[in-house]
Colleague: 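Provided herewith is a single structure, encoded as structure tokens, for subsequent inquiry.
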Amino acid sequence: MFEMLRTVMQNLFSRPATRLYPKEQREPFPSARGHIESVIENCIFCGLCQKRCPADCIVVDRAGKDWNLDPYRCIICGVCVEVCPTKAIVMSTYFRKPARMREPLTYHQEERGRPPKAKPGQDPGEAKDQM
Amino acid sequence: MIDNVVPVTRETLLAEAQRLADGGQRLISATAIDQGEYLEILYHFDKDLKLTHLKLEVKPGEEVPSISRVYFCAFIPENELKDLFGINISNIVIDYQGKFFLEDEAPRTPLLKSKPPEQGDPREVAR
Amino acid sequence: MDAWPIALAILLPVATALLAYIFRIRAARVLAVVVMAAGLMVSALALAGRGSFTYTPESVLGLPIDTLITILDLALLGYLVWIGLSMRRLSVVLLAGLQLAGLGYLEFWLRGSTPAVLPAEPAMVIDRLAVTMNLIISGVGSLVVLFALPYMDEFERRQKAMKTRQPRFFLFLLLFLGAMNGLVFSNNLLWLYFFWEATTFSSFMLITHTGAREALANGLRALWMNLLGGLAFVLALIFLARNAHIVSLRALAGWPLAGWPGWRGLPPIGSSPDLLLLPMGLLCFAAFTKAAQFPFQTWLTGAMVAPTPVSALLHSSTMVKAAVYLIIRLAPAFRGTTLGILVAVIGGFTFMAASTTAIGQANGKRVLAYSTIANLGLIIAMAGINTPQALSAALLIIIFHAISKALLFICVGTIEHGIRTRDIEEMEGLFYKMPMTTIITVVAMTSMMLPPFGVLIGKWLAIEASVRFPLLLPFVVLGSALTVVFWSKWLGRILTVSYHRKFRLEKLPLLISASMLVLAAAVVVASFGIASVFDFLAAPVVRGQFGIAGVVTPRADLATGMGEFIPWPIFLLIVLVLLAIPISFSRVKPADIRPPYLCGENAGEKPGTSFYSARDEINLTRTGNYYVTGVFGEASINRWAYPIAVGLLLLMIGVIKP
Amino acid sequence: MGFISTARVKSPWIMHFETGSCNGCAIEVFAALTPVYDLERFGILNTGNPKHADIMLVTGCVSFRAGRVLRNLYHQMPGPKAVVAIGVCALTGGIFHDCYNLAPGVDKVIPVDVYVPGCAARPEAIIAGTVMALDRLAGKAGPPNIAPGEPRRGLEEGRVVEIAPGNSDK
Amino acid sequence: MIGRTIATYGISPLWVTLATVVAAPAIGGLLTGIDRKLTARLQNRVGPPIWQPFHDLVKLWSKERITVNQVQLLYVYAHLFLMIASLVGLMLGQDLLMIFFIFAFSSVSLILGGFSVRSPYSRIGSQREIMQLMAYEPVLVLMAIGIYLATGSFFVHEIITSGNPLLYSLPLVFAAYAVILVVKLRKSPFDLSTAVHHVHQEVVKGLLTEYSGPYLGLIELANWYELVFLLALGGLFWATSLWGALLAAAVLFLFQVVVDTVSARVTWAWMLKFVWTVGLGLAAINIVWLYM
Amino acid sequence: MPGRTVIPFGPQHPVFPEPLQLRLTMEEERVIDAVPALGYMHRGIEQLAQTKDYAQNVFLMERVCGICSFMHALCYCQSVESLLGIEAPPRARFMRTIQAELGRLQSHYLWLGLVADACGFESLFMQAWRNREMIMDCQEAVSGSRVTISTCAIGGCRRDWDDGVLQELTRRLDDVERSMDAIAPVFFEDPLVKQRTVGAGIITKQEATLLGAVGPVARASGIVEDMRRLGYAAYDELDFKPVVETSCDSYARMIVRLRETFQAINLIRQALKKMPAGEVLNKWKGTPEGEAISRVEQPRGELMYYIRSNGGKNPERLRIRTPTLSNIPSLVKMLKGSRLSDVPVIALSIDSCISCTER
Ligand code: NFV
Ligand code: SF4
Ligand code: SF4
Ligand code: SF4
């Protein structure tokens, strides 16, 4: 009891350990695996990522030039990022923000050089810009 | 490959287990492998970091005596084998009757590659 | 004539008893008992309406009553000896035989030349205390007897009795009523002794009513313990007659009163009050046995094998009260003596020990028995310290305990017949089976332990009264705290209402529901009007003894000068809460009723009570009460309680040595 | 916001139930309660009892047995109530979506309000998800999500909550 | 305090009652908030805002009312009303013993509420609450007696006006009271029957498991009254001055907060042993000393 | 005479972070029988592993459990490596050791918090978990993820650490140790904690062997049993002695884990000092064949992977035997005769991890 008393008294007179998320946000570690994003313009639809993904959450539609990701199944292992020959998948250090709907993302490659487009209603963005 | 594999039969299993128990061996676990025709059951034992295995081959549906009277802790892997492979292990100290991990909605004997034996679902029997 | 209510009170039950025994027709018995109950109530009210008076009946059918009583007394003791012989119980033979000898010595050797009746000292004194007791005996007693009528029918059906033993049962039950009334009216100690033994006797006959082996064993235990007290009583009588020439209760209690005539006209001898300590101590000892104080508690718990009306009447509300009645009568004499303190301590100790033991009991009737013992102990403790407040507390507890406890026994008897067990554990969800009984039981239990009911107010008074008695205080404090424990446990169990079920009012025989309802109403009304009850019944007694009441009733409440208890706001609150019942029932829609939390595994038809567990089996949950038998079990309590109780008794005997 | 919805938003009590997965997310839920993240700042209490909870945090991929429990617990929560599914297991089954002993996804069993992705979901994400679920308590959110398809069997009479939009608004 | 005001200025009891009924929950709620904040700070956390309990209460009242049976509500009302009654009794300067009995009644109704459902956890909680009752009840009564012996009255208003602070004559009783305060508030190490605010308890929420929504809110409200009642009772030990009383109450309050944070839960057997030896012992020694 | 009480303890119960049910039959609060009911967390990983290829399975095995996830991957990789007949490069072996010990550290801290909570000691729980966050930060610093760190790969480690990471690790370790020193005495000496744990759930040495107890449960009963003595990863080059206590009760188990946290820090320091430079990943080709067993010492005890391959793309059979599975018989034994209030303490004293148990 007295050992604990010392600790709690120290606590009372020191700053709380709490990180006041969302008011204060810590910079993620540089190597942090937050979520993956596609740089769809780089994709060559080789299908490697689909083959190696342990959670089967990528579907590459070569014909329709669609790169489908179920971000709500992705376990953020980073294998796809590693195997992609063209660096068409990048790992963001920010975690994916919570959502009210659970629908897969489809990246469609219009033609090279155009920005990626997500399905309406979906925001693959980061938690950072949410709060 | 693994060493120290002692083949046993259904008759000698209990005696062998008892011998190992007397020798101060600790039961690690039991593993079943579906070989199509027959099931291979490996009982793993350990003493001073050295492994010993008992290897038993059974046909689907054959009754296997439980070693849980020798090693109380065997009831866990045995119930597991009963659930996942439908191995007919009799006389388990705490018998979950095929409902150890799986409940009614789950598929029967999911790890068995062949068709489950025709002796009826242990879960049905339990009910 | 003045005396008709007295005659009615004593003789009517006796006559009815004989009638019921002789005419073995059920209808006749019922009629006779109903008439008797009415008669008793009338007589009790008549007596209550009158001031104190004395009365000395001369003779019956030409036989001097003194002689008659002597003869009956000897016959009774002789019969008891015979019982002892026929059951081969040496202790009974010995104790009854010794009493017989003592009585013979008293009557034949000590009797002077001619029996001169003493005009100065009446044989019967009817004062407020006697009236109070009479009201309890005749009021509560009659209700219990009425309850017994249908109860015994059911009882015999349950027992599968071949031949009805009801005539015998009612014979002793009603004889007891008569004897009890006689006891509280008697001033002549010899008479009192006779009635005392008569209650012992009928208690024995009623405990052994079924004739089962356990009943016989327990009956014999009750008998020898009570006979031990009887022996002490006789010894006290002999001592009083020989050395002090006193044979009247009033004289004994009022001693030393100058000019008071002694026995048979002789002046009391001996000048020191210490001289009387011995007989007084012996009488207290007799009272301890009868009130089942530790270490004699076992006879009363054993007596619970008797049919429930017996427990209700003899072993809680009346017979055992005879003992505390005697102590209250004697109390003025030993006020302020060491004997008084010791009596208080013994009572207080019993109060605490019995309350503690009750926690470890799962048998409903045994809980009631221990609670009775505890309350008797508290009353004795109060009588022992005998201050105005203490006396008020004692009287209040006598009154309220009698009503509540009789009601409780009736309820438990009814429950026992309803669910076939008296095990508290089995009373779960009683509300669905017997809603009315349950509610009344709840009222009764609440009245035993919670404000604003009489028993608790009595306890409050008792605590305030014992503040100045440090030796008694710890017992009273612990005892009253522990009382709550066993009651709330039991109460909780019967109040359990499980999930989603309909219920219907149970059908009870008219006499059972009537007696229950009347008693329940009496509990509530008397507690609400506790101030009037106190003013009418208790205050005169206290004032008679002390000149002051000690407790006043300024605002329909009780105030002691140290504190004040105002019950009616609490009543108001309770009524307020009760008004919430219809509201709460109407606001809860069926869809709002969800099964209880079972860690998410509710299962089965009644999702409230069962859950899935290993192998997806459906298991029933249950929750047992805590009895902590390792601490509160009889065996573990007795381990320390017996030595202490025996030690206290020895101490008392040491104090009274002349 | 009204008086009542303010209070609701400021005092969301949570209950956590793990429905069978790797525990990673369950432990992160715990971590969110501890000093460094301190959910209690938001007035959140971990009640551990469905009858007291406003928000149920569900982790794990809903094995059959746990599904039975999950639905029962949901039924015992008083409305308005919200459900936050945490971790990809609870969302779709994640890496386990092909396993035989589960019908992956919490929304197959009870309506879900907020999905918190991640494997494991970080405590910050859990906080963010819980805060998002407050809209439901304030009465501002649309109907919760239910996975299409047959309701799961094995739930006896009297325990089944009809899965219909708006159920948790009751 | 207020009792003295009545005694000296003759304020109508009705006003006192009203003021008590209104002010006590405000104070109690705030104190609960401070308690939670302080606990959080002692644990190196930020913790909820101080007025958090009020949010909780309003929220609970606005929730769907679900029950396990229809009669549960009854016990809640009884608990609440009787708790208010005991506080009002205290404020009106009534007989201390009577107040304690009403207080006990209030606890018993909560126990019965726990018993009234066929839910194992709630009933185990009730059983344990009975054990707690068994532990603290004798100490409370002894405390009343000690106060009587020191002041010659059971009336709170006379106790207040009786001269010396009670703490001079009853220091050990005060200590015993501090012990049972922790028991009564169900704080660690004696949080046996129910868990106070997010402690994980083997009996889930014990006694309160089956209460939810508005009913739970009422119990929470009763808890606030109870807190004020118990602290006011503590204040009685230095009732000669308002500041003294507040100080005594504050000391007790801080004591229970700190004890709550620095101790593990004990078993009820141990609690019984502890309270009956240490608590009763302290009180008894003090009282024996008063007799001498 | 006292009434029997039968209650479900779990699956949803505040003292269990995971679904596990104990059906307790009690007399008053004395447990006379406890029957565990499992199956709430069973997914069927052993079967799923047969459908994924060897590399993907690393990630699956990590997710057997989120608490001891790294060592699952490690053990799996070791078993595959021994099938393939390859070895991880030395630097990778040291990195594996460090991460394994970090995992042990956080797992023990997690447990210390939970057991404090089970004793009803909330602030101690908070303290333990606050300290655990520092270890989580270490983990995140070295791997980029808090829980499932996904750093192990067949043939070594996926990513090398640069000096910044190593320095960061050294610095944070000091913080961890300092904060640990502050609360360790509470576990060691607090009278109330001792009152709850000493004598609770005794399991003697003989019983422990027959019941198959492993890890801290066995070591607290005086059995010197520690798979790290097998010398996998870099353990053969580090200096350590298994922590053994002999009082056989929950207190001993607590002390074993507490001392192991200090030991873990020590091991990490040693490993950091001795860590060689070089490659971290050996490339491999082809499909393995045969059968192999690999065992590692998890925070909760011995973990065994049995793998059999017939040369296909996927393993033919993968058997995972986790420590908790072996400790549950001991739990059943310990619970008999305990008090209800001790059930959480005892149930936690084997540090049950149901997700491991049921896979
Ligand atoms: N340590 C560990 Fe595990 C493994 N393998 C085990 O029971 O935590 Ni989830
Ligand atoms: S691996 Fe890269 S390039 Fe190939 S399909 Fe995937 S994203 Fe496109
Ligand atoms: S991160 Fe892993 S799980 Fe997610 S898409 Fe890439 S490979 Fe699949
Ligand atoms: S989402 Fe990932 S970390 Fe969370 S429980 Fe599932 S597998 Fe574990």
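Treat the numbers as computed from the prediction; the structure is a model and nothing was measured. Sequence lines set the chain letters: A, B, ... in the order given, protein chains first and strands last, and positions in each chain run from 1.
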Colleague: In terms of heavy-atom proximity below 4.5 Å to chain E, should Ile574(C) be classed as side chain, backbone, both, or neither?
Modeller: side chain
Colleague: Is the closest side-chain heavy-atom distance between Val108(E) and Trp487(C) below 4.5 Å?
Modeller: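 The answer is no, as the side chains (C-beta and beyond) never meet within the 4.5 Å cut-off.
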Colleague: Among Arg128(E), Met98(E), Glu158(E), which residue forms the greatest number of heavy-atom pairs with chain C at distances under 4.5 Å?
Modeller: Met98(E)
Colleague: Report yes if the side chains of Phe154(E) and Val467(C) come closer than 4.5 Å at any heavy-atom pair, otherwise no.
Modeller: yes
Colleague: Side chain, backbone, both or neither: which part of Leu80(E) has a non-hydrogen atom closer than 4.5 Å to chain C?
Modeller: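 Neither; nothing under 4.5 Å.
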Colleague: Return the minimal non-hydrogen interatomic distance between Leu598(C) and Pro120(E), and the atom names on each side.
Modeller: CD2-CD, 3.3 Å
Colleague: Does some side-chain heavy atom of Ile130(E) sit less than 4.5 Å from a side-chain heavy atom of Tyr626(C)?
Modeller: no
Colleague: If you compare all heavy atoms of Phe115(E) against all heavy atoms of Thr496(C), which two are closest, and at what distance to 0.1 Å?
Modeller: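 Where Phe115(E) meets Thr496(C) most closely, the heavy atoms are O-OG1, 2.9 Å.
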Colleague: Got a second to check how far Leu450(C)'s CG is from Ser106(E)'s OG, nearest 0.5 Å?
Modeller: 10.5 Å
Colleague: Shortest non-hydrogen contact from Met562(C) to Ser153(E)?
Modeller: O-OG, 3.5 Å
Colleague: Tell me, for Phe105(E) versus chain C, whether the close heavy atoms (under 4.5 Å) come from the side chain, the backbone, both or neither.
Modeller: both
Colleague: Counting heavy-atom pairs under 4.5 Å to chain E, which of Ser488(C), Ala559(C), Pro569(C), Pro452(C) comes out on top?
Modeller: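 With the most close heavy-atom pairs to chain E, the winner is Ser488(C).
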Colleague: Would Ser122(E) and Tyr597(C) count as a side chain to side chain contact (heavy atoms under 4.5 Å, CB included) here? Give the steps.
Modeller: CA-CA 9 Å; Ser122(E) 133; Tyr597(C) 173 77; over 6 Å; no
Colleague: Are Arg468(C) and Tyr148(E) close enough that some pair of their side-chain heavy atoms sits under 4.5 Å apart?
Modeller: yes
Colleague: Between Met134(E) and Ile359(C), does the side chain to side chain contact (heavy atoms under 4.5 Å, CB included) criterion hold? Intermediate values first, please.
Modeller: CA-CA 11 Å; Met134(E) 190 150 97; Ile359(C) 296 176; 3.9 Å; yes
Colleague: Examine whether an atom of Glu464(C) lies under 4.5 Å from a heavy atom of chain E, and if so say whether it belongs to the side chain, the backbone or both; otherwise answer neither.
Modeller: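 Looking at Glu464(C), backbone and side chain both touch chain E.
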Colleague: Give, as side chain, backbone, both or neither, the part of Leu482(C) having an atom under 4.5 angstrom from any heavy atom of chain E.
Modeller: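 It is the side chain, since no backbone atom gets that close.
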Colleague: In this structure, are over 12 heavy atoms from other groups packed under 6.0 Å from Trp640(C) atom CH2?
Modeller: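 Check passes, neighbour count above 12.
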Colleague: Check Tyr291(E) against Phe469(C) and note the closest heavy-atom contact, atom names and distance.
Modeller: OH-N, 4.2 Å
Colleague: If you check every heavy atom in residues 471-478 of chain C against those of chain E, which residues fall under 4.5 Å?
Modeller: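 Counting heavy atoms that sit under 4.5 Å from chain E, the residues of residues 471-478 of chain C involved are Leu473(C), Val477(C), Leu478(C).
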Colleague: Taking the side chain as C-beta and beyond, is there a heavy-atom pair between Trp268(E) and Val628(C) under 4.5 Å?
Modeller: yes
Colleague: Using ring-ring contact (aromatic ring centres under 6.0 Å, His included) as the criterion, list what pairs up with Tyr77(E), not counting sequence neighbours.
Modeller: Phe81(E)
Colleague: Could you have a look at Ile287(E), Leu74(E), Leu73(E) and say which one has the most heavy-atom pairs with chain C under 4.5 angstrom?
Modeller: Leu74(E)
Colleague: Looking at Phe571(C), I'd like to know if its CZ atom is crowded, meaning that more than 12 non-hydrogen atoms belonging to other residues, nucleotides or ligands lie closer than 6.0 Å.
Modeller: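 Enclosed.
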Colleague: Pick one of side chain, backbone, both or neither for Tyr211(E), based on which atoms fall under 4.5 Å of a heavy atom in chain C.
Modeller: neither
Colleague: Return the option, out of Ile124(E), Ile111(E), Val288(E), with the maximum number of heavy-atom pairs under 4.5 Å with chain C.
Modeller: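 Sorted descending by pairs with chain C, the first entry is Ile124(E).
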Colleague: Who wins among Val484(C), Leu456(C), Thr446(C) for the most heavy-atom pairs under 4.5 Å with chain E?
Modeller: Leu456(C)
Colleague: Does atom CH2 of Trp568(C) have more than 12 heavy-atom neighbours, drawn from other residues, nucleotides or ligands, at distances under 6.0 Å?
Modeller: no
Colleague: Under a 4.5 Å heavy-atom cutoff, which of Leu133(E), Leu96(E), Ile102(E) has the most pairs with chain C?
Modeller: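 Most pairs with chain C among the choices: Ile102(E).
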Colleague: Does any backbone or side-chain atom of Tyr136(E) lie under 4.5 Å from a heavy atom of chain C? Answer side chain, backbone, both or neither.
Modeller: neither
Colleague: For a quick test of reading the model, state the closest non-hydrogen atom pair linking Thr621(C) to Arg118(E) and the distance between them.
Modeller: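 In this case the closest contact between Thr621(C) and Arg118(E) is O-NH2, 3.2 Å.
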Colleague: Between the side chain of Arg123(E) and the main-chain N/O of Gly492(C), is any donor-acceptor distance below 3.5 Å?
Modeller: no
Colleague: Need one label for Ile570(C): side chain, backbone, both or neither, based on atoms under 4.5 Å from any heavy atom in chain E.
Modeller: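 When you check distances to chain E, only side chain atoms of Ile570(C) fall under 4.5 Å.
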Colleague: Closest heavy-atom contact between Ala85(E) and Leu573(C)?
Modeller: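 Minimum heavy-atom separation between Ala85(E) and Leu573(C): CB-CD1, 3.3 Å.
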Colleague: If I take atom CZ from residue Phe101(E) and atom CH2 from residue Trp460(C), how far apart are they, to the nearest 0.5 angstrom?
Modeller: 9.5 Å
Colleague: What part of Ser126(E) is in contact with chain C, defined as an atom under 4.5 angstrom from a non-hydrogen atom: side chain, backbone, both or neither?
Modeller: neither
